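Accompanying notes for the structure given below.
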Amino acid sequence: MTVFTSRIDRNGAAFRRNLEAFAVHRAAVEAARAATLAGGGTEALKLHRSRGKLPARERISHLLDPATPFLEIGQLAGYESRKEDAVASAGIVAGIGMVEGRACAIVANDATVKGGTYYPLTVKKHVRAQQVARENGLPCIYLVDSGGAFLPLQEDLFPDEHHFGRIFRNIAELSAMGLPQISAVMGQCTAGGAYIPAMSDETVIVRDTGTIYLGGPQLVQAATGEVVDAQRLGGADVHTRSSAVADHFAHDDYHALALVREIVARSATHPLPSPPTPPQPPLYDSSDIPGIISANPREPLPAREILARLLDGSRMIEFRARYGPTVICGTGAINGWPVGVVMNDGVLFSESAQKAANFIEICAQRRIPLLFLHNISGFMVGEAYEAGGIARHGAKMVAAVSCARVPKFSVIIGGSYGAGNFAMCGRAFGPRLMAMWPNARTSVMGGEQAATVLALVRQAQMERRGLTMSPEEIEAFKQPVRETYERASNPVHAASRLWIDAVIEPAETRNWLTLGLALAAGAPHEDTRFGVFRM
C-alpha cells in the first residue's frame, strides 16, 4: 500500500503564484455562476412572485429535507450560448437531492427565463437528468412551470431521437422500471409539455396558477372559435374534479411541495446506503490543491500530491507502480467508498494504456467503481510509436472504458485532449457524473498545437502555388486559432453546452464524488462483457 506524502511548501513563492493564477480561473467561473443564478432578471422575478409563485430554486429548497445537499446538474447550461438572448441554466434547474430520506432526481422549470419554454439545451438537460435517474435507480420529481417548446427553434426540438419526445418516452420507461414519476404543476403546462404530468404516476396541481392543456386559450379560439380562459380550460378544479388528469389539489406552492413529499414518503424507494468502510480524511488539506497547480499550464500537475489530498488516509494500493508510470492506477477510498483510480501522470504510451486497460478489467470484475482524473495531452505520437502499435494498445484502453459496467466518474483536473479524453472516460463514454476544475481545459487538441497544424497546412497549400508565408504572417494566422481554442476549451464553455455536469472546486471534489458513489452503490448492478481486444 502506498501512503502519499507531501513536499509542498505552503509559504513558498511558487505556491502563492499558483494561488493567484487559480483565483483568476475561479473568478471566471463565479462570474458565470452569478449571472446564471440571477435567472431571468429582477423584473421577471418580481412578476413571478406577484403571481404567488416561488422561484424554481426556492421550490427545490422547500422540497428537500432540511440541511441536506443538492447536487445540481448543468447549472451553467446555456451561459452565453445564444447571442440573441440569455437562457440562464437553460431555463431549467435539475439535480439530485434528498426528499423524505430518499435520493430523488428533481427537474424544475424556471418560468422567469423565457416563461420556462424549452430550448434545445433545455431538452438536453432534462433528458440528462432522466438519464442520471435511470442509471442510479432514482424517483423523478418534475416541478412544472413551462410554456412548452420555443417554437422558432422547433426543428432543433421536435422530431429527432433525443428531442422533446424523449422526455415522455423516458417517463414511461422509468415508471415501468418501478421508479416513481411525480409531477407538481405549479404554473402553465402547455401543448406537448402537458404529457409530463399526464404521464406521471401521480400529479399535483396548484389552484389558480397551475394549468394543463394540449391547446391554450388562443389556440382553442383560433381552431374552434370557442372563447375560454386558462383556468376554465385546464385549471386545478377541472383536472382534479372532471378530467382526472391530476390527482391532488394544492392551494399554493408550499402545499404542493408538501403533497409531493407525502407521495415520496409512501413510495417504494430506499434511503442511501452507508459506506462499507469508516470514512477518513486525507492526511493533507484539499484546499491546498490550487496552490500546487502550476500557474504555467504547460507544467505537469503533481499527481501524487493531488491524490494525497483526495483519498481517504492519503493511501492507495497501487497497481503496477513501476510499469507504465505515466498513468497511475490503484484502489483507494473516498469517504469510505471504495474506488479504482485511473490518473494521468504524463502522456499515454503503449505500456501505460495496456496497464490501465488491465486495471479497468480487474475493477469491472470486482465491481469497484472507477474514478478517472484527467490531465492528458493524448497518446504518444511519432514513427517509432506508430510502428510499435500505439493505436492498437490505446484501443484496448478505450475498449475497456467503453465496456466496463461499473459506475464511472470523471473529473478533468488539468487538460483533457483528443483521444486522451476518450481513453480517460470523456463524456461520450458514459461517466455517471463528470466535472471540471476551474483551471481545466478540454478540446480536440491544445490551442498551440491546433494553430501550428493549421499553419503548416496553410503553408503547404501556398507552397503548391509557389508562394511563401513570412514569420509575421504565420503568427497572424495562428493567433486567432489560439484564441478560439482557448475560449472554447475552458470549463465555463464546456458546462454551458452540457459537455460536463458541473464546474467544481478542488476542495469540493471529495463531497461531490461521495454523493455520486453513494447513489451508485444503491443502484442495480450490470454485468460487464468485454468485446474483442486487439492483442
Side-chain angles (χ1 to χ4, degrees), residues 1-5 277 282 300-334 337-380 389-390 392-417 419-426 429-435 509-510 513 516-517 520 528 530 533-535:
M1 178 176 291
T2 301
V3 178
F4 298 106
T5 58
T277 59
L301 297 185
R304 286 174 168 77
E305 292 281 359
I306 291 171
L307 289 174
R309 290 160 173 82
L310 292 181
L311 296 175
D312 284 14
S314 301
R315 61 179 180 268
M316 182 175 79
I317 300 174
E318 197 164 352
F319 177 74
R320 291 187 190 166
R322 300 175 65 187
Y323 182 82
T326 60
V327 66
I328 298 172
C329 301
T331 51
I334 302 284
W337 293 104
V339 65
V341 177
V342 181
M343 183 180 189
N344 303 118
D345 195 17
V347 68
L348 284 166
F349 291 90
S350 293
E351 296 82 1
S352 45
Q354 292 178 82
K355 167 182 164 179
N358 196 181
F359 178 72
I360 291 165
E361 181 184 28
I362 290 170
C363 287
Q365 185 182 63
R366 297 175 186 173
R367 300 185 179 180
I368 300 171
L370 286 160
L371 169 60
F372 295 86
L373 298 173
H374 300 224
N375 181 39
I376 180 65
S377 58
F379 287 92
M380 191 62 193
I390 184 69
R392 178 166 51 89
H393 297 305
K396 293 187 182 74
M397 184 175 176
V398 174
V401 170
S402 302
C403 295
R405 286 294 176 264
V406 293
K408 296 173 285 193
F409 301 88
S410 277
V411 183
I412 302 179
I413 65 173
S416 184
Y417 298 105
N421 174 272
F422 301 159
M424 288 296 291
C425 196
F429 292 81
R432 293 283 178 100
L433 293 170
M434 185 169 182
T509 304
R510 275 174 54 85
L513 288 168
L517 289 163
T528 296
F530 290 107
F533 286 93
R534 297 289 299 278
M535 303 305 291

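Keep in mind it's a predicted model, so treat the numbers as computed, not measured. Quick note: numbers below take in every heavy atom, side chains included, and nothing from hydrogens, waters or symmetry partners.
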Has the side chain of [X] got a donor or acceptor atom that lies under 3.5 Å from a matching backbone atom of [Y]?
X: S402; Y: V398; answer: yes
X: T326; Y: V347; answer: yes
X: S410; Y: C425; answer: yes
X: R315; Y: T2; answer: no
X: N344; Y: N375; answer: yes

Side chains of [X] and [Y] in contact at under 4.5 Å (non-hydrogen atoms):
X: F409; Y: P431; value: no
X: V327; Y: D345; value: no
X: V401; Y: F372; value: yes
X: N358; Y: R320; value: yes
X: E305; Y: F4; value: no

Considering all heavy atoms, the nearest [X]-[Y] contact:
X: A423; Y: F379; result: CB-CZ, 3.7 Å
X: F533; Y: A399; result: CE2-CB, 4.1 Å
X: P369; Y: L517; result: CB-CD2, 3.8 Å
X: A308; Y: S314; result: O-OG, 2.5 Å
X: G313; Y: V3; result: O-CG1, 4.3 Å
X: C363; Y: V406; result: O-CG1, 3.8 Å

Side chain to side chain contact (heavy atoms under 4.5 Å, CB included) assessment of V411 paired with M434: CA-CA 6 Å; V411 183; M434 185 169 182; over 6 Å; no
**Asked** Is a salt bridge present between R304 and E318, judged by a nitrogen-to-oxygen distance below 4.0 Å?
**Response** yes
Legend entry - Residues E351 and K355 bridged, charged N to O under 4.0 Å: no
Report the distance from atom [atom1] of [X] to atom [atom2] of [Y], rounding to the nearest 0.5 Å.
X: L433; Y: L513; atom1: CG; atom2: CG; result: 8.5 Å
X: M424; Y: L348; atom1: CE; atom2: CG; result: 7.5 Å
X: M1; Y: M316; atom1: CE; atom2: CE; result: 10.5 Å
X: M343; Y: C329; atom1: CE; atom2: SG; result: 11.5 Å
X: L371; Y: L373; atom1: CG; atom2: CG; result: 4.0 Å
X: I368; Y: I362; atom1: CD1; atom2: CD1; result: 9.0 Å

| query | What do the steps show when you test I413 against L301 for side chain to side chain contact (heavy atoms under 4.5 Å, CB included), and what is the final call? | reply | CA-CA 9 Å; I413 65 173; L301 297 185; 3.8 Å; yes
Pair V339, V341 - check side chain to side chain contact (heavy atoms under 4.5 Å, CB included), show working. CA-CA 6 Å; V339 65; V341 177; 4.2 Å; yes
Can you tell me if R366 has over 12 outside heavy atoms packed within less than 6.0 Å of its CZ? no
Between F429 and F422 (judged by ring centroids, cut-off 6.0 Å), do the two rings come close enough to count as a pair?
yes
